There are 2 protein chains.
Amino acid sequence: MDGKPYIAQRPKRADGRRNYDAILAAARKAFESAGADASLEDIASQAGVAIGTLYRHFPTRASLVEAATRDGLENLVAHAERLTAGPDPLGALVAWMREAVVHFSTFRGLVGILAQSMYDEGTPSHTMCSAMHRSGADLLRAAQAAGRVRPDLTPDELFDLLSGAAWVREQATPDRDGSARFLELVLEGITTRD
Amino acid sequence: MDGKPYIAQRPKRADGRRNYDAILAAARKAFESAGADASLEDIASQAGVAIGTLYRHFPTRASLVEAATRDGLENLVAHAERLTAGPDPLGALVAWMREAVVHFSTFRGLVGILAQSMYDEGTPSHTMCSAMHRSGADLLRAAQAAGRVRPDLTPDELFDLLSGAAWVREQATPDRDGSARFLELVLEGITTRD
DNA sequence: ATTTAACCTGAGGCGACCTCAGGATGTCAA
DNA sequence: TTGACATCCTGAGGTCGCCTCAGGTTAAAT
């Protein structure tokens, strides 16, 4: 039905690159303070650019979100690769899960977009989500092979748990952030008894 | 600063009541199919009423959501009271949790509103949320007293877990609903070892 | 029948989204 | 240096949803 999902790529011309970067910086700031549904017109004007220019580089809101979060998620995947095949599979999985929850809740509304993208190809973030899925699955498999995590837990279920934790974190206020405890309780449920 | 939160109450005049009910019915339908951010103008026109009439009865979206979900949540609270002091505290808690997750995810976006209302007085749904909080806390306390649930779990944490499960359910597609498994894993984490 | 408080209407201002025709400009090759 | 052109930028304007309010209508009480 549709073509491949649009992935924003840095433009060739100097002014294009400048504006692309300015928009991305403004978007990161705006998303962080106003959530994923921040005003695109605000972002454009904050970047010192007309609204049409923003749409030129990022035809959809999802493509802008993808570009704004790509680096962080790439780091997450890279970190997973560094952790894989370490001496402590359970510790690696747990550390990675904690980190993932933080990245998933970079700003309000992100985790919903990622959860959507995880199983919906044709979404800008789908590529990165798939990579994360693989990373998480690898770490999970290793921890299961070591007998430290219940063997019937699937990667999909792992991501449901991570997403839930990230969502709770998203809802948190400065005085009330239950996400750390949330993850702790979840870990209690998925690790095997000593 | 502000007065008490607005709680929609059925109006006195016959035409007022008629419209109030029609709006509520239209809202329930719209929320179910389009989520909590359904168009209020659509709801009004679906109810055969001008937009001003909708705003007369429900000055804010939150007040309409509250009215649309009050019955269901009242049932949930009533059910909790029926379950309290039964012979099987853990079974009661688990049954109630399952039911709560279903109610929290009646439509897309609801659980976020409820999570917000839980700790924010001055919100239409706060009253009902507090009642639920008490209900859940009672069931939790009973299960803990029976030694079936870890004693360090607080009601706030219980609601974080429930909200997380409901959010996962909200994201689910017909072919992929991990919320039941989510709850199962969570229960594994909060129940005491046999 | 009169009165009146409750109720209803819908035009209109606002902000956000998104498109597109027309103009500006960097880049590259000659 | 100078075209030539593809890339890029602009911002007016159509659409939609939110919300208000001045003016008209009506149920219900006396």
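As the structure is a computational prediction, the values presented were derived from the model and not from experiment. Naming: A, B, ... by sequence-line order, numbering from 1 per chain.
- Contact annotation: Ser39(B) side-chain N/O to dC16(D) OP1/OP2 distance is not under 4.0 Å.
- Residue Arg10(B) contributes atom CZ, which lies 12 Å from atom P of dC7(C) at whole-angstrom precision.
- The side chain of Arg61(A) places an N or O atom within less than 4.0 Å of a non-bridging phosphate oxygen (OP1 or OP2) of dC17(C).
- When the nearest nucleotides of DNA chain C are assigned to Leu40(A) and Arg18(A) by heavy-atom distance, the more 5′-ward of the two goes with Leu40(A).
- Counting any heavy atom pair closer than 4.0 Å across all strands shown, Ile51(A) reaches a base atom.
- Taking a cutoff of 4.0 Å between a charged side-chain nitrogen and a carboxylate oxygen, Glu32(B) and Arg28(B) do not qualify as a salt bridge.
- Judged purely by atom type and a 3.5 angstrom limit, Gln46(B) has no side-chain atom pairing as donor or acceptor with the backbone of Ala30(B).
- Residue Thr53(A) has no polar side-chain atom (N or O) positioned under 4.0 Å from OP1 or OP2 of dC8(D).
- The CG atom of Leu54(B) sits 16 Å away from the C1' atom of dC21(D) (whole-angstrom rounding).
- When each of Ala14(B) and Arg17(A) is assigned the nucleotide of DNA chain D bearing its nearest heavy atom, the one mapping closer to the 5' terminus is Arg17(A).
- Note on Gly52(B): a base of the nucleic acid sits closer than 4.0 angstrom, heavy atoms only.
- Considering only side-chain N and O atoms, Arg56(B) lies under 4.0 angstrom from the phosphate OP1 or OP2 of dC7(C).
- Nearest to the side chain of Glu41(A), among dA28(D), dC17(C), dG26(C), sits dC17(C).
- As rounded to whole Å, 10 Å separates atom C1' of dC8(C) from atom CD1 of Ile23(B).
- The distance between atom OH of Tyr20(A) and atom P of dC8(D), rounded to the nearest whole Å, is 12 Å.
- One atom, CG of Leu64(B), and another, C1' of dG17(D), lie 15 Å apart when rounded to the nearest Å.
- No side-chain donor-acceptor contact under 3.5 Å links Asp156(B) and Thr154(B).
- Residue-level contact check: Ala38(A) touches the backbone only, with heavy atoms under 4.0 Å from sugar-phosphate atoms and none from bases.
- Taking the side chain as every heavy atom from C-beta outward, Arg150(A) and Leu185(B) approach each other to under 4.5 Å.
- As a whole-Å value, the separation of Ile43(B) CD1 from dG17(D) P is 11 Å.
- One finds no side-chain N or O of His57(A) lying less than 4.0 angstrom from the OP1 or OP2 phosphate oxygen of dC8(D).
- Between Asn19(B) atom CG and dC8(C) atom P the separation is 4 Å, expressed in whole Å.
- Nearest to the side chain of Tyr55(B), among dC17(C), dT20(D), dT10(D), sits dT20(D).
- Note on Arg108(A) versus Glu170(A): no salt bridge recorded, every NZ/NE/NH1/NH2 to OD/OE distance being 4.0 Å or above.
- Both tests do not hold together for Arg169(A) against Phe104(A): distance to the six-membered ring centre under 6.0 Å, angle to the ring axis within 45°.
- Pro11(A) comes within 4.0 angstrom of sugar-phosphate atoms only, judged by non-hydrogen atoms across all strands, and of no base.
- If you take CZ of Arg13(B) and C1' of dA6(C), they are 5 Å apart, rounded to a whole angstrom.
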